Amino acid sequence: MSSISLLLCRALMIEFVVILLSLLSVSSLFFGIEETLGIIINFFIFILVGAICCIPIAIGIGEYLSRSNKFLIKKLPLGILLMLFFYSFGVFSSITIISIGQGKGFVSMEELLEVFAFCLLLGAFPSFGVGIWLDGKLLAMIKPPEE
(Lines give C-alpha, C1' and ligand atoms only; values in the text may rest on other atoms or scores of the structure.)
Protein backbone atom coordinates (compact mmCIF):
# COMPACT_ATOMS: atom_id res chain seq x y z
CA MET A 1 0.00 0.00 0.00
CA SER A 2 1.35 3.42 -0.93
CA SER A 3 1.98 6.23 1.49
CA ILE A 4 -0.86 8.25 -0.05
CA SER A 5 -3.27 5.35 0.56
CA LEU A 6 -2.17 5.15 4.18
CA LEU A 7 -2.61 8.91 4.53
CA LEU A 8 -6.13 8.74 3.07
CA CYS A 9 -7.08 5.89 5.43
CA ARG A 10 -5.70 7.85 8.38
CA ALA A 11 -7.64 10.93 7.26
CA LEU A 12 -10.82 8.83 7.04
CA MET A 13 -10.43 7.58 10.58
CA ILE A 14 -9.70 11.10 11.84
CA GLU A 15 -12.73 12.42 9.97
CA PHE A 16 -15.12 9.89 11.43
CA VAL A 17 -13.75 10.32 14.96
CA VAL A 18 -14.12 14.10 14.70
CA ILE A 19 -17.67 13.67 13.38
CA LEU A 20 -18.49 11.35 16.27
CA LEU A 21 -17.10 13.87 18.76
CA SER A 22 -19.07 16.71 17.16
CA LEU A 23 -22.20 14.56 17.31
CA LEU A 24 -21.52 13.92 20.99
CA SER A 25 -21.19 17.61 21.75
CA VAL A 26 -24.20 18.72 19.69
CA SER A 27 -26.50 16.00 20.99
CA SER A 28 -25.49 16.63 24.60
CA LEU A 29 -26.36 20.31 24.14
CA PHE A 30 -29.79 19.59 22.68
CA PHE A 31 -30.86 16.35 24.39
CA GLY A 32 -28.90 16.08 27.61
CA ILE A 33 -26.40 13.47 28.68
CA GLU A 34 -28.87 10.61 29.29
CA GLU A 35 -30.35 10.54 25.78
CA THR A 36 -26.99 11.28 24.18
CA LEU A 37 -25.60 7.81 24.87
CA GLY A 38 -28.41 6.12 22.89
CA ILE A 39 -27.94 8.55 20.03
CA ILE A 40 -24.18 8.01 20.01
CA ILE A 41 -24.52 4.22 19.92
CA ASN A 42 -26.92 4.39 16.95
CA PHE A 43 -24.75 6.86 15.05
CA PHE A 44 -21.58 4.93 15.88
CA ILE A 45 -22.98 1.99 13.93
CA PHE A 46 -23.77 4.27 10.97
CA ILE A 47 -20.30 5.83 11.12
CA LEU A 48 -18.59 2.44 11.36
CA VAL A 49 -20.48 1.08 8.34
CA GLY A 50 -19.71 4.24 6.37
CA ALA A 51 -16.01 4.07 7.24
CA ILE A 52 -15.79 0.41 6.25
CA CYS A 53 -17.37 1.23 2.87
CA CYS A 54 -14.96 4.13 2.25
CA ILE A 55 -11.68 2.38 3.08
CA PRO A 56 -11.40 0.34 -0.18
CA ILE A 57 -12.16 3.45 -2.22
CA ALA A 58 -9.53 5.42 -0.29
CA ILE A 59 -6.94 2.71 -0.95
CA GLY A 60 -7.79 2.70 -4.66
CA ILE A 61 -7.62 6.49 -4.95
CA GLY A 62 -4.33 6.53 -3.05
CA GLU A 63 -2.82 3.92 -5.34
CA TYR A 64 -3.95 5.88 -8.39
CA LEU A 65 -2.54 9.15 -7.06
CA SER A 66 0.78 7.56 -6.18
CA ARG A 67 1.21 6.23 -9.73
CA SER A 68 -0.13 9.21 -11.65
CA ASN A 69 1.48 12.56 -12.15
CA LYS A 70 0.91 14.91 -9.28
CA PHE A 71 -1.11 17.49 -11.26
CA LEU A 72 -4.31 16.85 -9.29
CA ILE A 73 -2.60 17.30 -5.95
CA LYS A 74 -0.93 20.54 -7.01
CA LYS A 75 -3.85 22.22 -8.76
CA LEU A 76 -6.99 21.15 -6.90
CA PRO A 77 -8.05 21.32 -3.25
CA LEU A 78 -8.00 17.54 -3.46
CA GLY A 79 -8.04 16.88 0.28
CA ILE A 80 -11.23 18.88 0.81
CA LEU A 81 -12.93 17.30 -2.21
CA LEU A 82 -11.93 13.79 -1.14
CA MET A 83 -13.11 14.22 2.44
CA LEU A 84 -16.47 15.62 1.36
CA PHE A 85 -16.80 12.76 -1.15
CA PHE A 86 -15.91 10.15 1.46
CA TYR A 87 -18.36 11.66 3.93
CA SER A 88 -21.18 11.76 1.37
CA PHE A 89 -20.46 8.22 0.17
CA GLY A 90 -20.25 6.96 3.74
CA VAL A 91 -23.62 8.48 4.64
CA PHE A 92 -25.37 7.11 1.56
CA SER A 93 -23.87 3.65 1.86
CA SER A 94 -24.49 3.31 5.59
CA ILE A 95 -28.12 4.40 5.29
CA THR A 96 -28.72 1.96 2.44
CA ILE A 97 -26.89 -1.00 4.02
CA ILE A 98 -28.49 -0.59 7.44
CA SER A 99 -31.95 -0.15 5.92
CA ILE A 100 -31.56 -3.34 3.90
CA GLY A 101 -30.15 -5.14 6.96
CA GLN A 102 -33.18 -4.15 9.04
CA GLY A 103 -35.50 -5.65 6.42
CA LYS A 104 -36.96 -2.35 5.22
CA GLY A 105 -35.64 -2.77 1.71
CA PHE A 106 -34.22 0.12 -0.19
CA VAL A 107 -34.67 3.61 1.22
CA SER A 108 -36.90 6.04 -0.63
CA MET A 109 -35.23 9.08 -2.11
CA GLU A 110 -37.14 11.40 0.26
CA GLU A 111 -35.90 9.57 3.36
CA LEU A 112 -32.39 9.45 1.99
CA LEU A 113 -32.34 13.19 1.29
CA GLU A 114 -33.77 14.02 4.74
CA VAL A 115 -31.12 12.00 6.54
CA PHE A 116 -28.41 13.25 4.20
CA ALA A 117 -29.38 16.89 4.81
CA PHE A 118 -29.20 16.34 8.58
CA CYS A 119 -25.86 14.56 8.29
CA LEU A 120 -24.50 17.22 5.96
CA LEU A 121 -25.32 19.91 8.49
CA LEU A 122 -23.62 17.91 11.21
CA GLY A 123 -20.55 16.64 9.40
CA ALA A 124 -19.65 19.12 6.67
CA PHE A 125 -17.52 21.35 8.88
CA PRO A 126 -15.46 18.52 10.41
CA SER A 127 -14.97 17.06 6.92
CA PHE A 128 -13.88 20.44 5.63
CA GLY A 129 -11.37 20.82 8.47
CA VAL A 130 -9.90 17.35 7.94
CA GLY A 131 -9.78 18.10 4.20
CA ILE A 132 -7.67 21.19 4.82
CA TRP A 133 -5.31 19.11 6.97
CA LEU A 134 -5.16 16.44 4.25
CA ASP A 135 -4.38 19.06 1.59
CA GLY A 136 -1.38 20.20 3.58
CA LYS A 137 -0.13 16.65 4.04
CA LEU A 138 -0.59 15.79 0.34
CA LEU A 139 1.27 18.91 -0.77
CA ALA A 140 4.07 18.15 1.68
CA MET A 141 4.39 14.62 0.24
CA ILE A 142 4.96 15.77 -3.32
CA LYS A 143 7.34 18.67 -2.72
CA PRO A 144 10.92 17.85 -3.57
CA PRO A 145 13.27 17.86 -0.59
CA GLU A 146 14.98 21.18 -0.09
CA GLU A 147 18.75 21.25 -0.20
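Positions are given from 1 along the sequence. This structure is a prediction, so every number in the text was calculated from the model and none was measured.
By the 4.5 Å heavy-atom criterion applied to side chains, Phe86 and Ile61 are counted as neighbours. Residues Ser93 and Val49 fail the side-chain proximity criterion, which asks for heavy atoms closer than 4.5 Å. When side chains are defined from C-beta on, Ile57 counts as touching Phe85, because their heavy atoms get closer than 4.5 Å.
Annotation: the span from Leu20 atom CG to Ser25 atom OG amounts to 10.0 Å, rounded to 0.5 Å. Atom-to-atom distance recorded for Leu138:CG and Trp133:CH2 is 9.0 Å, nearest 0.5 angstrom. Between the CD1 atom in Ile45 and the OG atom in Ser94 there is a gap of 11.0 Å [rounded to 0.5 Å]. Rounding to the nearest 0.5 Å places CG of Leu82 at 10.5 Å from SG of Cys54. To the nearest 0.5 angstrom, Ile14 atom CD1 is 12.5 Å from Ser127 atom OG.
In this structure, Leu21 belongs to a hydrophobic cluster whose other members, linked by side-chain heavy atoms under 4.5 Å apart, are Val17.
Phe125 and Ile19 fall into different hydrophobic clusters, where Ile, Leu, Val, Met, Phe, Trp and Tyr side chains are chained together by heavy-atom contacts under 4.5 Å. Residues Leu81 and Ile4 do not share a hydrophobic cluster, clusters being chains of Ile/Leu/Val/Met/Phe/Trp/Tyr side chains in contact below 4.5 Å.
Of the residues Met13, Glu15, Arg10, the one that meets the side-chain contact (heavy atoms from CB on, under 4.5 Å) test with Val130 is Glu15.
A donor-acceptor distance shorter than 3.5 angstrom exists from the side chain of Ser5 to the backbone of Glu63, with no hydrogens or angles considered.
Take Ile80 and apply the side chain to side chain contact (heavy atoms under 4.5 Å, CB included) test, not counting sequence neighbours, and it matches Pro77, Leu84, Phe128, Ile132, Asp135.
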Show, in sequence, the C-alpha distance, side-chain angles and deciding distance for Leu78 and Leu134, and conclude whether the side-chain contact (heavy atoms from CB on, under 4.5 Å) test is met.
CA-CA 8 Å; Leu78 195 60; Leu134 181 61; over 6 Å; no
Criterion side-chain contact (heavy atoms from CB on, under 4.5 Å) on Ile59 and Leu8, from CA distance to verdict
CA-CA 7 Å; Ile59 293 170; Leu8 289 178; over 6 Å; no
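Residues in residues 124-134 take part in no salt bridge (charged side-chain N to carboxylate O under 4.0 Å, His left out) pair, two or more places apart or across chains.
When all heavy atoms of Leu7 and Met141 are compared, the pair lying nearest together is CD2-SD, 3.6 Å.
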